[in-house]
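Remarks on the structure that follows.
Fair warning: this is a prediction, and the values are worked out from it, not measured in the lab.
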Amino acid sequence: QVQLVESGGGLVQPGGSLRLSCAASGTIFSTNNMAWYRQAPGKQPELVATSTRGGSTSYADSVKGRFTISRDSAKRTVYLQMNSLKPEDTAVYYCNARILSTSSTYYRDYWGQGTHVTVSS
């Protein structure tokens with residue numbers, strides 16, 4: 001079994017910062033891309049940021065310059081540092097990882113349970 005456990009969400013004022021964490025655990029042989037998605041109320045899910053195993057990162061235009069994705073491969077953890085937060089960043093944030101488990105022969109996507117981020121004064 002593979003699990004992704006997220007933490008770090010909460011309520012923050014506009015202009016504030018939050019750091020999300022997502023730790024993968026279980027029967028993991030290898031981890032490929034890790035990413036953060038978000039879904040605001042009444043909207044489609046949005047890919048926020050991606051970190052490849054090779055170290056490349058990419059971001060949605062809406063968060064460029066404000067959010068930073070990073071990963072600690074030894075800890076199988078991905079982070080999302082969110083600065084200069086805006087009310088429109090309010091959403092449920094989901095961690096995603098493409099993982100090859102020890103009981104499989106192919107990579108598959110796993111998801112965290114989601115963590116709420118609310119930006120409001």
Side-chain angles (χ1 to χ4, degrees):
Q1 290 281 3
V2 174
Q3 285 187 320
L4 300 183
V5 178
E6 300 155 358
S7 60
L11 172 65
V12 64
Q13 292 186 341
S17 298
L18 280 176
R19 189 194 196 205
L20 306 182
S21 300
C22 172
S25 64
T27 56
I28 298 171
F29 182 79
S30 177
T31 304
N32 203 334
N33 289 6
M34 302 185 82
W36 288 95
Y37 287 75
R38 67 185 180 186
Q39 186 167 22
K43 294 189 175 181
Q44 293 293 319
E46 176 186 22
L47 174 58
V48 176
T50 301
S51 171
T52 70
R53 186 167 58 183
S56 299
T57 59
S58 60
Y59 299 90
D61 288 342
S62 58
V63 307
K64 278 181 183 175
R66 301 188 298 121
F67 290 12
T68 302
I69 188 170
S70 61
R71 62 196 282 178
D72 184 331
S73 296
K75 295 181 179 179
R76 293 172 175 165
T77 300
V78 64
Y79 306 95
L80 186 68
Q81 178 67 44
M82 304 185 294
N83 299 328
S84 303
L85 282 160
K86 304 175 181 179
E88 51 263 43
D89 294 318
T90 295
V92 179
Y93 285 70
Y94 296 92
C95 171
N96 164 264
R98 187 152 293 178
I99 290 172
L100 176 64
S101 76
T102 57
S103 60
S104 180
T105 58
Y106 58 91
Y107 284 86
R108 56 157 288 192
D109 283 324
Y110 291 86
W111 295 88
Q113 78 282 4
T115 184
H116 289 260
V117 172
T118 302
V119 184
S120 175
S121 54

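Contacts classified as disulfide (SG to SG under 2.5 Å) and involving residues 76-121 (residues at least two apart or in different chains) are given here: Cys22-Cys95. Identified under the disulfide (SG to SG under 2.5 Å) test for residues 38-75, with sequence neighbours left out: none. Sorted by first then second residue, the salt bridge (charged side-chain N to carboxylate O under 4.0 Å, His left out) pairs that include residues 112-121, not counting sequence neighbours, number zero. Residue pairs that meet the disulfide (SG to SG under 2.5 Å) test with at least one member in residues 30-61, sequence neighbours left out, do not exist here. Every pair tested for salt bridge (charged side-chain N to carboxylate O under 4.0 Å, His left out) that includes a residue from residues 11-20 fails, sequence neighbours excluded, so the list is empty.
To the nearest 0.5 Å, atoms OH (Tyr59) and OG1 (Thr68) are separated by 4.5 Å. The distance from the CZ atom of Phe67 to the CG atom of Leu18 is 9.0 Å, given to the nearest 0.5 Å.
What you find for Thr105 and Leu100 is that their closest heavy atoms are C-CD1, 3.8 Å. Pairing each heavy atom of Ser120 with each of Pro14, the nearest pair is C-CD, 3.6 Å.
Both Val12 and Tyr93 belong to a single network of hydrophobic side chains, linked directly or stepwise wherever heavy atoms of I, L, V, M, F, W or Y lie under 4.5 Å apart. Cluster membership check: Trp36 shares its hydrophobic cluster with Val63, using side-chain heavy-atom separations under 4.5 Å among Ile, Leu, Val, Met, Phe, Trp and Tyr.
Every residue meeting the side chain to side chain donor-acceptor pair (under 3.5 Å) condition with Ser101, not counting sequence neighbours, appears here in chain and number order: Ser103. Residues forming a salt bridge (charged side-chain N to carboxylate O under 4.0 Å, His left out) with Arg66 (at least two apart in sequence, or on another chain): Asp89. Among residues two or more places apart in sequence or in another chain, the salt bridge (charged side-chain N to carboxylate O under 4.0 Å, His left out) test is passed with Arg98 by Asp109. A search for ring pair (Phe, Tyr, Trp, His ring centres under 6.0 Å) contacts involving Tyr110 returns nothing, not counting sequence neighbours.
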Side-chain polar contacts of residues 42-56 - donor-acceptor pairs under 3.5 angstrom, sequence neighbours left out - could you list them?
residue, atom, partner, partner atom, Å
Glu46, OE1, Arg38, NE, 2.8
Glu46, OE1, Arg38, NH2, 3.2
Glu46, OE2, Ser62, OG, 3.1
Thr52, OG1, Gly54, N, 3.3
Thr52, OG1, Gly55, N, 3.3
Thr52, OG1, Ser56, N, 3.0
Arg53, NH1, Ser30, OG, 2.7
Arg53, NH1, Tyr107, OH, 3.1

Expected list for residues 111-118: side-chain donor-acceptor pairs under 3.5 angstrom, two or more places apart:
residue, atom, partner, partner atom, Å
Gln113, OE1, Glu6, N, 3.4
Gln113, NE2, Glu6, O, 3.3
Thr115, OG1, Gly9, N, 3.2

Show me the donor-acceptor pairs, under 3.5 Å and distance only, between side chains in residues 75-85 and residues at least two apart or in other chains.
residue, atom, partner, partner atom, Å
Arg76, NH2, Ile28, O, 3.2
Thr77, OG1, Lys75, O, 2.9
Gln81, NE2, Asn83, OD1, 2.9
Asn83, OD1, Ser17, OG, 2.9

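Residue-environment remark: CD (Glu88) exceeds the threshold of 12 foreign heavy atoms within 6.0 Å.
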